[in-house]
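Both counts, for ligands and for their atoms, begin at 1 and track the order of listing. Every heavy atom of this structure was used, including side-chain atoms; hydrogens, water molecules and symmetry mates were not. All of these numbers come straight from a predicted model, not from anything done at the bench.
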Amino acid sequence: MSGPPEPSAEKPEPRCALLSGGVGGARLAEGLHRALPPGHLSVLTNTGDDFELLGLRVCPDLDTVLYTLAGRADPDRGWGLQDETWHCLQALEELGAPSWFRLGDRDLATHLVRTEALNRGRSLTGVMDDLARALGVAARILPMCEEAVRTRLRTRAGLLDFQDYFVRRGQRDRVLGVEFAGIGQARGTREVLEALEQADLVVLAPSNPFVSIAPILQVPGVRRALQESRARKLAVSPILGGRALKGPAAAMLESLGHEVSALGVARLYVGWVDEFVLDPVDAPLAPAVAELGLLPRVLPTVMSGPPERLALARALITP
Ligand code: FO1
């Protein structure tokens, strides 16, 4: 007769809260999603890039995380859906309607469903739960707040809305300052604050520190929840060898007066995290990171494919 199962000598799997922007964060989220048991990952996601287009509420970072975790993201673009078609976009062009922001036919379904649910009074958190369930995603994809926060960039061309700067003008403007309109009226949602409270591990994804991670950290309530959290806290550098793999993080470090290196990023995160992950190309910066009071960890951070994402996630989970 077999008795009760032996208590496992292994440590229980950690609960993880990942703070994420779009593509880079979503790729790490995918690794963590596969490395952790179902339900152990919450992705606290930037909504500063959200905007309204043609009456629809578009949430690029939330959708990038959703599609990536569902295994449906376009692998080359990183955003939007794979096997996408663009008939609606073509029709919009013919009508002279805005077509600079490319909404694919399948992707449109997400914006329609979300906008309708929001108009009925469902919360954005609730909508993302519904979408995640519909696409079979076991992680929680949590908007950083319910209130509208809009990232704006100060440039010589004036104050630009985020997607105007990022997509319409192709990130060509030198960024002289970053604002998060509405952040003062926002509150970290109950779900976001609980995820931070319950986490054993908090990870700042290799997302843009100024426009993806900073808005989440600045949502009122988040700083305190992080300070009170007993979790290990670490950040993964989005800069390696002095360059960002994608997006304007390196250009922003320069134009906002910071060193364009992983060390420049580490300095931004002093007081927020205890560990800082550098790519092996930046291993020589490890002693300088340690001098900042952060524990440097040198790990391959280029997440070219699912095996690299999983390997990085497993290494992060392991203290
Ligand atoms: N990025 C682009 O560079 N061009 C686009 O036309 C575009 C459309 C788009 C549609 C839906 C979506 O969820 C994301 C989309 N993105 C597009 C990505 C998005 O603008 C950025 O990657 C993020 O806001 C930055 O994290």
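In this structure the side chain of L234 never reaches within 4.5 angstrom of the side chain of L204, judged on heavy atoms. Side-chain contact between L196 and L44 is present, with heavy atoms from C-beta onward closer than 4.5 Å. Looking at R156 and D173, their side chains never come closer than 4.5 Å, going by heavy atoms from C-beta outward. Looking only at side-chain heavy atoms (C-beta outward), D74 and E84 stay at 4.5 Å or farther from each other.
Closest protein heavy atom to atom 10 (C) of ligand 1: F101 CE2, 3.2 Å. Closest to atom 11 (C) of ligand 1, if we only count protein heavy atoms, is D107 OD2, 3.3 Å. Of the protein's non-hydrogen atoms, the one nearest atom 25 (C) of ligand 1 is D49 OD2, 3.2 Å. The protein heavy-atom contact nearest to atom 13 (O) of ligand 1 is P60 CA, 3.4 Å. In terms of protein heavy-atom proximity, atom 2 (C) of ligand 1 is nearest to V167 CG2, 3.5 Å. Annotation: atom 17 (C) of ligand 1 to nearest protein heavy atom, W79 CE2, 3.3 Å. Of the protein's non-hydrogen atoms, the one nearest atom 22 (O) of ligand 1 is F166 CE2, 3.8 Å. Given atom 6 (O) of ligand 1, the protein heavy atom at minimum distance is R102 N, 2.9 Å.
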>> Show, in sequence, the C-alpha distance, side-chain angles and deciding distance for E275 and K233, and conclude whether the salt bridge (charged side-chain N to carboxylate O under 4.0 Å, His left out) test is met.
In response: CA-CA 6 Å; E275 301 173 34; K233 288 166 222 147; over 6 Å; no
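For ligand 1, the atoms lying closer than 4.0 Å to a non-hydrogen atom of Q163 are 20 (O), 24 (O). Below 4.0 Å from some heavy atom of F162 lie the following atoms of ligand 1, by number and element: 24 (O). Of all atoms in ligand 1, numbered sequentially from 1 with element shown, those under 4.0 Å from a heavy atom of D61 are 23 (C), 24 (O), 25 (C), 26 (O).
Between the side chains of D105 and T85, at least one donor N or O sits under 3.5 Å from an acceptor N or O. Judged purely by distance below 3.5 Å, without hydrogens or angles, the side chains of Y67 and T110 pair a donor atom with an acceptor atom.
Under 4.0 angstrom from ligand 1, there are no non-hydrogen atoms of N46. If you look at R77 next to ligand 1, there are no close heavy atoms at all, none under 4.0 Å. If you look at V58 next to ligand 1, there are no close heavy atoms at all, none under 4.0 Å.
For D63, no nitrogen or oxygen atom sits less than 3.5 Å from a nitrogen or oxygen atom of ligand 1, counting backbone and side chain alike. Residue-to-ligand polar distances keep H111 apart from ligand 1: every N/O pair is separated by 3.5 Å or more.
Between R152 and D164, no side-chain nitrogen of the basic residue sits less than 4.0 Å from a carboxylate oxygen of the acidic one, so the salt-bridge criterion is not met.
Put simply, CD1 on I141 and OG1 on T125 are 11.5 Å apart, with the number rounded to the nearest 0.5 Å.
The side-chain hydrogen bond (donor to acceptor under 3.5 Å, both in side chains) test with D200 is passed by exactly one of R232, R15, R230, H40: R230.
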